[in-house]
Amino acid sequence: MGRGGAMVDVVVVGLVCRDLVVAVEKLPESGSVPVRRRIETLGGAANQAVGARQLGLSAGLLGVVGQDAAADLVLRQAQRDGIDVSAVVRRGTTPLVVGVVEADSTHRLLEHVPDGSLLTPADVRAGARLLGAARAVVADLQQPDDAVAETVRLGAAAGALVVLDGAPDEPGALADVWGGVSVLRADDDELAAYVGSVPDGADAVLDAARELVATGPGVVALGAGEAGNVVAWRGGARVFPLLGQDPVDVTGGGDAFVVGLVRGLLDGADPETAGWWASAAAALTVTRLGGRPDLDAATVAREAERAAAG
C-alpha cells in the first residue's frame, strides 16, 4: 500500500483531450486537400501516462474532460491503456487538438481548450489521494500556474519525484514551490521563462542547465535545437544528440522524452543513463504519425545502450 492507497508509479497532471491527427501531402493556400491518413485517440499530457504504461510503469491521470461523448471515448481509451482515471474531473466540453502533418514533416496544431477544461487548485486537491500514492508526479505546465503550484506542493509533501514539464505563464509564479521540484524539463521555446532569454547554442544551454540545477532541481533537461537535448545534474552535464532517422511527426517526442527520463530515474539509474533512455524513447516516438507513443522497455533500453556506446 502507498501513502494514499495502492502505490502508483507515475501520476500525470495536465491536459486530457481528444486528438485528431491528419496527414496530407501539402496544405494549399486555400481550398481542400485529400487526407492520406487519419488518427483519432486520447491525447494531450495523457500521452505521458500512456508511455509510462508501455514502459512497464503503473500510471494515473489527473485532468479535466467534458460531459460529452468525446469524454466517454477518451476515458474508455485510457482505461484500455490501464490508466487510473479515478481523479479525472468531468465538466463542460472535452478539449480537442487537431494535428496536421505534411509529407515533409511540417506540422501544425489547432487547439480548442475551453477555460473550463483547465485544472484549478481545488481540482488538484480533490485528486490528493492519487497524488499521495505516486512515486513520481509529472506536472504539465499548459495548466494554470496556481494549479501547477498546488500539484508541486502535494507531490513534494508526499515524497514523490516531482517533474515540471514546460514553462509557467508568469515568470516566478512557482517560486514558492521551487524547492519541491525534483526534475525540470523545458523545450527550446520554454527556456526563456526560466533564464530570461533563449541561449544561443548547445554550450549556452549547458550553462543554463547547470545554473538551474544550482537553484534546486536535481535534474534539468533542456531542448537545445538541432544539437538535441541537454541534461544537467549535480556533478555533471552533457548534450544528448537527436537519435534515429528523419522524423515523421515530432509532436509526441517531448512527452516520450519525459517518460523515458522518469522511467530511468525511478529505476535508480544515474541521470546520464536516464538521459539516454529519454533520447531513445523520443526517437522511437517521432517515427510514427501522431503524439501517441508505441514503446516497450526492452527496445528503449537497447537503443539507449547503443547510443551511449557511441
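The hydrophobic cluster containing Val198, built from Ile/Leu/Val/Met/Phe/Trp/Tyr side-chain heavy atoms closer than 4.5 Å, comprises no other residue.
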Step-by-step side chain to side chain donor-acceptor pair (under 3.5 Å) determination, Arg129 to Ser86: CA-CA 10 Å; Arg129 180 202 60 80; Ser86 62; 2.9 Å; yes

Trace of the salt bridge (Lys or Arg N to Asp or Glu O under 4.0 Å) decision for Asp72 with Arg90: CA-CA 10 Å; Asp72 296 333; Arg90 296 196 66 165; 3.1 Å; yes

Stepwise side chain to side chain contact (heavy atoms under 4.5 Å, CB included) test for Leu62 and Val12: CA-CA 6 Å; Leu62 173 53; Val12 176; over 6 Å; no

CA sep, side-chain torsions, deciding dist, call: Val101, Val22, side chain to side chain contact (heavy atoms under 4.5 Å, CB included): CA-CA 6 Å; Val101 183; Val22 294; over 6 Å; no

Chi angles and distances behind the side chain to side chain contact (heavy atoms under 4.5 Å, CB included) call for Asp296, Leu55: CA-CA 5 Å; Asp296 70 83; Leu55 292 182; 5.8 Å; no

Evaluation steps, salt bridge (Lys or Arg N to Asp or Glu O under 4.0 Å), between Arg108 and Glu102: CA-CA 9 Å; Arg108 298 171 176 83; Glu102 296 181 273; 2.7 Å; yes

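Taking the side-chain contact (heavy atoms from CB on, under 4.5 Å) definition, one finds that Asp176 meets it with nothing, sequence neighbours left out. Thr41 pairs by the side-chain hydrogen bond (donor to acceptor under 3.5 Å, both in side chains) definition with nothing, not counting sequence neighbours. Under the side-chain hydrogen bond (donor to acceptor under 3.5 Å, both in side chains) criterion, Glu211 pairs with no residue, sequence neighbours left out. Evaluation of the side-chain hydrogen bond (donor to acceptor under 3.5 Å, both in side chains) rule for Arg37 yields no partner, not counting sequence neighbours. When the side-chain hydrogen bond (donor to acceptor under 3.5 Å, both in side chains) test is applied to Arg234, no partner is found at least two apart in sequence or on another chain. With sequence neighbours excluded, the residues satisfying side-chain contact (heavy atoms from CB on, under 4.5 Å) with Thr120 are Arg91, Ala122, Asp123. Ala103 pairs by the side-chain contact (heavy atoms from CB on, under 4.5 Å) definition with Glu25, Arg36, not counting sequence neighbours. Remark: Gln54 pairs with Val50, Pro293, Leu295 by the side-chain contact (heavy atoms from CB on, under 4.5 Å) rule, at least two apart or across chains.
Of the possible polar contacts, none joining the Asp84 side chain to the Gly60 backbone as a donor-acceptor pair under 3.5 Å is found.
Looking at every heavy atom in both residues, Val148 comes nearest to Ala139 through CG1-CB, 4.3 Å.
Hydrophobic clustering, with ILVMFWY side chains joined whenever heavy atoms are under 4.5 angstrom apart, groups Val100 together with Leu96. Cluster membership check: Leu131 shares its hydrophobic cluster with Leu119, using side-chain heavy-atom separations under 4.5 Å among Ile, Leu, Val, Met, Phe, Trp and Tyr. There is no path of hydrophobic side-chain contacts, each under 4.5 Å, that joins Val64 to Leu75. A chain of hydrophobic side-chain contacts below 4.5 Å, direct or via other Ile, Leu, Val, Met, Phe, Trp or Tyr residues, connects Val89 to Val11.
Rounded to the nearest 0.5 angstrom, Thr151 OG1 and Arg125 CZ are separated by 10.5 Å.
For Asp189, the CG atom counts as densely surrounded, since its 6.0 Å shell holds more than 12 non-hydrogen atoms of other residues, nucleotides or ligands. The neighbour count for Asp104 CG, taken as heavy atoms of other residues, nucleotides or ligands under 6.0 Å away, is above 12.
Here the rule is side chain to side chain contact (heavy atoms under 4.5 Å, CB included) with Val137, and of Val13, Val8, Val152 only Val13 fits it. Screening Asp81, Asp19, Asn47 for a side-chain hydrogen bond (donor to acceptor under 3.5 Å, both in side chains) involving Arg292 leaves a single residue, Asp81.
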Using distance only, find each side-chain donor-acceptor pair of residues 153-170 under 3.5 Å and give its atom names and separation, not counting sequence neighbours.
from   : atom 1 : to     : atom 2 : distance (Å)
Arg153 : NH1    : Glu150 : OE1    : 3.1
Asp165 : OD2    : Gln48  : NE2    : 2.8

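The ring pair (Phe, Tyr, Trp, His ring centres under 6.0 Å) analysis of residues 274-293, with sequence neighbours excluded, yields the pairs Phe240-Trp276. Every pair passing ring pair (Phe, Tyr, Trp, His ring centres under 6.0 Å) that includes a residue from residues 193-215 is listed here, sequence neighbours excluded: Trp178-Tyr194.
A donor and an acceptor atom, one from each side chain of Asn229 and Arg238, are nowhere located under 3.5 Å apart. For the 3.5 Å distance criterion, the side chains of Gln79 and Arg76 fail to qualify, holding no donor opposite an acceptor.
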